[in-house]
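Below is one structure, written out as structure tokens, with a few remarks after it.
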Number of protein chains: 2
Amino acid sequence: MRSKRRSKMPGPSFIEQARHRQLIACAITSVAEEGYAGASLASVARRAGISKAAVLYHFRNKDALVEMAVNEILRELSEFIVPRLLAEPEARGRLRAFIQSQLLFLEQHRAHLLAVSYILVNHRNRRGEFHLRTKAENDALAAITTILEDGQARGEFRSFSVRPMAATILQAVNGALSQWVADPSLSLSDYATELVTTFDLATRKDTRTSTIRKAKTS
Amino acid sequence: MRSKRRSKMPGPSFIEQARHRQLIACAITSVAEEGYAGASLASVARRAGISKAAVLYHFRNKDALVEMAVNEILRELSEFIVPRLLAEPEARGRLRAFIQSQLLFLEQHRAHLLAVSYILVNHRNRRGEFHLRTKAENDALAAITTILEDGQARGEFRSFSVRPMAATILQAVNGALSQWVADPSLSLSDYATELVTTFDLATRKDTRTSTIRKAKTS
DNA sequence: CAAAATACTGACCGATCGGTCAGGAATGTC
DNA sequence: GACATTCCTGACCGATCGGTCAGTATTTTG
């Protein structure tokens, strides 16, 4: 770990950087293939072709490795989504982009999806709290909340309680992913379309024609 | 286990029945308090005040105990919900009853909720499949699907793709529960009201006034 | 009361877990 | 080539896991 290294060198060496990347990647596939309980340090070491002790040379302990893996996945995810949100001028479009881009990214990174979902629902800190899950959920909810509140302020959305709606949208996206994990033949893009329609109807003001329907009929 | 008992007696003895009930109850609280990984046979035995071997005398192995615990929880849950569904003559009411009664029951049985959610997302059979989760999800989806298809046939609901909508509703309910687990001060009945409104709007035909709103204004 | 079935204990097993440690190989740096 | 630092190995540790087994209470049955 960088944090407690007593190196005289300015930064992490090439080897250290490469190993970090490799071990994080191995940890992700290990969790994805063997589940949270089955993913051991020995399993990660085997995949990387080094000894278990070598893994612990680079990462203080198992928890540190797991947390780095989650951070990496969430970093890549938000790197994919954020530009797509910023490209949308209206709240309605940002809500659609949030749903679609999240599904699209994780459909293309199945191991990431499996690993992050296994870890988030299982990993606890010393106090027994699901701190990774809490943080990830709060970040996602904050993003959706921003969209929803902005949409209400701009008059695009009806008046509803933002927190349950944000949670419902987040859960719907997670549920779509979990359906797809169980049945990979399911079309996530079709699913995304249904979700977009559903929440368009659930959030819009009662103008009798949503942008979705307008696009279809005009 | 009954299945491999070589008893000459007609049924399970009083002691066996009582122990089964006790051990299932202990397993539930054990999982709820210590998580899926932390809930060991030793932990269950300690709670029951007997030896670990005695637990294995009554249950073939740990998996059998866990599965019995899940079955018991789901049995109690459906015992609570089904009559409430049957009491509703319209699909819209059944959808509302499904959401509300599920939240109500599990709000009153927090240990059941924790145990069942920990187990369902973690327990695998020998082939590595999440068979308990799959079965529970399919049962719940089937129930919702029946309501939705009936509602479409009766002309109460708009035309939408049933499977994603059913999954979205189920996930929304689960999400409400998971929010409440993380923050018990959250009012589940308020949350239920929001969910009912959300899915009323998402499913109804575009008649501009739902039964919910009509009830409020008339 | 004795025989038989049931209910249970405690010691033990092999496996695996995360983690430590002493020391050896590889890699740069003068 | 010597020296220090980085990188890594293999043996080992204590703990815990699910599960077995021989033997012993306890209860039921004739």
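Letters A, B, ... mirror the listed sequences (proteins, then strands); counts begin at 1. In what follows, every heavy atom counts, from backbone to side chain, and hydrogens, waters and symmetry copies are set aside.
Side chain of B/His123 to backbone of B/Ile119: no donor-acceptor contact under 3.5 angstrom is found.
Between A/His20 and A/Glu72, the side chains place no donor N or O within less than 3.5 Å of an acceptor N or O (distance only, hydrogens not considered).
Applying the 4.0 Å criterion to OP1 and OP2 of C/dG19, one finds that A/Arg60 has every side-chain N and O outside that range. Residue A/His58 places none of its side-chain N or O atoms closer than 4.0 Å to OP1 or OP2 of D/dT6. In terms of phosphate contacts, B/Tyr57 brings a side-chain nitrogen or oxygen within less than 4.0 Å of OP1 or OP2 of C/dA7.
Along DNA chain C, the nucleotide nearest to A/Ala39 and the one nearest to B/Ala54 differ in position, and the one closer to the 5' end is contacted by B/Ala54.
The separation between A/Arg126 atom CZ and C/dG18 atom P is 14 Å, rounded to whole Å. Rounded to an integer number of Å, the gap from A/Leu56 CG to C/dT20 P is 7 Å. One can place OH of A/Tyr36 at 14 Å from P of C/dC17, the figure rounded to the nearest angstrom. Here the C1' atom of nucleotide D/dT6 and the CD atom of A/Gln17 are 15 Å apart, to the nearest Å. Between the C1' atom of C/dT20 and the CG atom of A/Leu41 lies a distance of 13 Å, rounded to the nearest Å. Taking atom CZ on A/Phe59 and atom C1' on C/dG18, their separation rounds to 16 Å, with Å as the unit. Rounded to whole angstrom, the span from the CD atom of B/Gln22 across to the C1' atom of C/dA7 amounts to 13 Å. Look at NZ on A/Lys62: it is 11 Å from C1' on C/dT16, rounded to the nearest Å.
Nucleic acid contact for A/Ile50: sugar-phosphate only, since backbone atoms but no base atoms lie under 4.0 Å from a heavy atom of the residue. Across all strands shown, B/Ser40 has heavy atoms under 4.0 Å from sugar-phosphate atoms exclusively, and none from any base.
Distance from the side chain of B/Ala53 is smallest to D/dC21 among D/dG18, C/dG19, D/dC21. For A/Asn61, counting side-chain heavy atoms from C-beta on, the closest listed nucleotide (D/dC8, C/dG19, D/dG19) is C/dG19. Nearest nucleotide to the A/Glu16 side chain, out of D/dC7, C/dG18, D/dG18: D/dC7.
The pair B/Glu34-B/Arg47 meets the salt-bridge criterion, with a side-chain N (NZ, NE, NH1 or NH2) lying under 4.0 Å from an Asp/Glu carboxylate O.
Within the 4.5 Å cutoff, side-chain heavy atoms of A/Thr198 are placed close to those of B/Met165.
You'll find a donor-acceptor pair under 3.5 Å spanning the side chain of A/Lys52 and the base of C/dG19, going by distance alone.
B/Leu95 and B/Phe157 make their closest contact through CD2-CZ, 4.2 Å (heavy atoms, listed as atom of the first residue, atom of the second, distance).
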